[in-house]
Chemist: 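Pasting a structure below so you can have a look.
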Amino acid sequence: MLIKRPRFSHIPGSEITPQHLVESRRLFMHQLAAGALTASSFASNALAAESARHRLAAPPNPAFTAKDTPTKFDDASSYNNFYEFGTDKGDPMLYAGSLKTRPWTIKIDGEVKKPLTLDIDALMKLAPLEERLYRLRCVEGWSMAIPWIGFSLSELIRKVEPTGNAKYVEFTSLADPAQMKGVNSRILDWPYVEGLRIDEANHPLALLCVGMYGQSLLNQNGAPVRLVVPWKYGFKSAKSIVRIRFTEHQPKTAWNKTAPDEYGFYSNVNPEVAHPRWSQATERRIGEDGLFTRKRKTLMFNGYPEVASLYSGMDLKKFY
Ligand SMILES: Nc1nc2c(c(=O)[nH]1)N[C@H]1C(S)=C(S)[C@@H](COP(=O)(O)O)O[C@H]1N2
Ligand SMILES: [Mo]
């Protein structure tokens, strides 16, 4: 997120991004087809194997596929917010390589009848994986459309059987200064904590996400598991989650603790409620950043009107 209003500057994909591996594979196939494969193509072959290792198959779910053109993989994996690795957009790509995502354990506890401690590979088999193209709108005023892979968070909630006291769900990200250089800075009150009301968490749109663009999540995008809540500002979608706790009281979230007048608990995308320091009425779609490109109008609930009933009778100016 931000302290100061940022200016978008395009960060070119690194030489080492998996997209580069994909490109190499394409080249390899091309050479293969052209019969021009020689010993010198051996290197691309190794790159192809590396790319295949991350492949994650999931059929697209048409009911959750936005009409938008997907953002380029290179942009989605190089222009990131993940303050545990630094505050610049390019920091996560540069520094998240130090995060070890196996073994990885997620604890699900609090107000549930069946608490669970799950290994990430077991979590990934809890429900069928599917691909969903969702818009992601950052509070900073930019957006993307990303083909995420995962399943509805409600699938997990069902398995742990929340008690009658479970009114909220709290999500905690890993905060290990040994693996995450940004955690040594005091820019946020670590660990990164986010939360949802339980009915929001149970909405089918709320996605427990383990992949994107046909492969497992890259570290900079929140590997091995993150949340994606497409009708809320991006910061609600906590990355690299280690704990999911069901609570009776509203969780204290990291951004709300840091700047309560700027970041509320709900944080629904709302073009009518300005951030105290800038309007939220428009957005820049990453990849459409040409000199003469018009900004897009931001849509209520980020263009997911089906969630409106969750907030009926609520003053969304007050509960921002
Ligand atoms: N743990 C953690 N989760 C986080 C953040 C963060 O700094 N730390 N940034 C948030 C913000 S502000 C946004 S916009 C999205 C960005 O997700 P992306 O980089 O995969 O597009 O992640 C969110 N999740
Ligand atoms: Mo954000």
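Counting convention: from 1, in listed order, for ligands and their atoms alike.
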Chemist: Classify the side-chain pair S143/E283 by whether it contains a donor and acceptor separated by less than 3.5 Å.
Modeler: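 A donor-acceptor contact under 3.5 Å links the two side chains.
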
Chemist: Applying ring pair (Phe, Tyr, Trp, His ring centres under 6.0 Å), run through Y79 and W142 and close with a yes or a no.
Modeler: CA-CA 11 Å; Y79 189 80; W142 51 266; 5.2 Å; yes

Chemist: Evaluate whether atom NZ of K113 has more than 12 neighbouring non-hydrogen atoms of other residues, nucleotides or ligands under 6.0 angstrom away.
Modeler: yes

Chemist: Of all the atoms in ligand 1, which lie at a distance below 4.0 Å from a heavy atom belonging to R226?
Modeler: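 Within the 4.0 Å cut-off of R226, ligand 1 contributes 15 (C), 17 (O), 18 (P), 20 (O), 22 (O).
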
Chemist: Below a 4.0 angstrom heavy-atom separation, can you tell me which part of Y192, side chain or backbone, both or neither, approaches ligand 1?
Modeler: side chain

Chemist: Please verify the inter-ring angle class for H275 with W278; under 30° counts as parallel, over 60° as perpendicular, anything in between as tilted.
Modeler: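 The rings of H275 and W278 lie parallel, inter-plane angle below 30°.
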
Chemist: Between R137 and T298, does any side-chain donor sit less than 3.5 Å from a side-chain acceptor?
Modeler: yes

Chemist: From the options S237, G234, S240, select the one whose nearest heavy atom is closest to atom 13 (C) of ligand 1.
Modeler: G234

Chemist: Report the member of N221, N81, L188 with the shortest heavy-atom distance to atom 9 (N) of ligand 1.
Modeler: N81

Chemist: Side chains of R132 and S152: is there a donor and an acceptor less than 3.5 Å apart?
Modeler: yes

Chemist: Closer than 4.0 angstrom: is that true for some heavy atom of G222 and an atom of ligand 1?
Modeler: no

Chemist: Can you tell which part of E194 has a heavy atom less than 4.0 Å from ligand 1: side chain, backbone, both or neither?
Modeler: neither

Chemist: Suppose we screen for side-chain contact (heavy atoms from CB on, under 4.5 Å). Which residues come up paired with R197, at least two apart in sequence or across chains?
Modeler: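 Residues passing side-chain contact (heavy atoms from CB on, under 4.5 Å) with R197: Y168, D199, E200, Y266, L310, Y311, M314.
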
Chemist: Indicate yes or no: does an N/O atom of E84 lie under 3.5 Å from an N/O atom of ligand 1?
Modeler: yes

Chemist: For C138, take its heavy atoms, then give the atoms of ligand 1 lying under 4.0 Å from any of them.
Modeler: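 Listed by number with element, the hits are 14 (S).
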
Chemist: In terms of atom number and element, which parts of ligand 1 are under 4.0 angstrom from non-hydrogen atoms of Y83?
Modeler: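 Heavy-atom distances to Y83 below 4.0 Å select 6 (C), 7 (O).
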
Chemist: Mind checking whether Q220 has an N or O less than 3.5 Å away from an N or O of ligand 1?
Modeler: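 No.
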
Chemist: Among L136, L227, V228, which one has a heavy atom closest to atom 21 (O) of ligand 1?
Modeler: L136

Chemist: Can you pull out every side chain to side chain donor-acceptor pair (under 3.5 Å) where at least one residue sits in residues 90-104? Sequence neighbours excluded, please.
Modeler: R102-D121

Chemist: Mind checking whether S173 contacts ligand 1 via backbone (N, CA, C, O), side chain (CB onward), both or neither, at a 4.0 Å heavy-atom cut-off?
Modeler: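 Side chain only.
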
